[in-house]
Structures are given as C-alpha cells and as structure tokens.
Amino acid sequence: MDTTGMRRAVTAEVTRMADYETGFWAIVDGLGVDRGHAGRLLDEAVDRIGTGWGGTADPYALVLSWMPC
C-alpha cells in the first residue's frame, strides 16, 4: 500500500473541505442569516443525511437549499 499517496490525497481533501466550509459561511453571512441558526440547520442536515433522507450527501448544499434567496 502506498501510504504516501494516501496521505497526500487525504491532505488535499481536508484542505478542500476547509475551503468549502469557509465558502459556506461566507454565503450564510452574505445572506444575512444568523450563524447560530445556520449551524443548527447544518446539524439537522447531517442528521437527515445520516438517516438516508434526501438525495445528497453534502450537508452544506442541503442547508443552502433551505436558505432564503
């Protein structure tokens, strides 16, 4: 097993996800949504995805679909 390649792949994914989360909060702030409320929605999205509800595995996308336009 090439653990060096695996470490690089995991590091790249972790970096990408951190950037994705930063972008999520920027959108939340831009919409003027309270971060506490958005955080609770994110918890709900994770719970729903964990139980098989919905057609996405992306809690950020699910929460953003619930946000006002």
Side-chain angles (χ1 to χ4, degrees):
M1 176 190 279
D2 176 17
T3 58
T4 301
M6 186 182 296
R7 282 188 186 109
R8 279 191 216 119
V10 169
T11 299
E13 187 66 16
V14 168
T15 300
R16 187 182 69 78
M17 291 309 298
D19 292 343
Y20 194 58
E21 183 173 1
T22 298
F24 169 79
W25 290 114
I27 293 168
V28 167
D29 292 343
L31 291 171
V33 175
D34 176 72
R35 280 184 170 224
H37 178 67
R40 289 187 294 280
L41 289 175
L42 193 55
D43 290 341
E44 177 66 20
V46 168
D47 287 344
R48 289 186 182 203
I49 290 167
T51 60
W53 181 90
T56 183
D58 182 345
Y60 299 108
L62 185 55
V63 170
L64 291 175
S65 76
W66 298 337
M67 295 284 167
C69 296

Sorted by chain and residue number, the side-chain contact (heavy atoms from CB on, under 4.5 Å) partners of A61 (sequence neighbours excluded) come out as Y20, D58
dist T3:OG1 -> R8:CZ (nearest 0.5 Å) comes out at 9.5 Å
Residues passing the side-chain contact (heavy atoms from CB on, under 4.5 Å) test with D34, sequence neighbours excluded, are H37, R40
Rounded to the nearest 0.5 angstrom, the CZ-CG distance for R48 and D43 is 12.5 Å
- Task: Walk me through it: do V33 and W66 pass the test side chain to side chain contact (heavy atoms under 4.5 Å, CB included)?
- Result: CA-CA 11 Å; V33 175; W66 298 337; over 6 Å; no
In short, A38 meets V28 closest at the heavy-atom pair CB-CG1, 3.7 Å
Q) With hydrophobic residues grouped by side-chain heavy-atom distances under 4.5 Å, do V46 and W53 end up in a single group? A) no
Minimal heavy-atom distance between P59 and A45, with the atoms involved, is O-CB, 3.8 Å
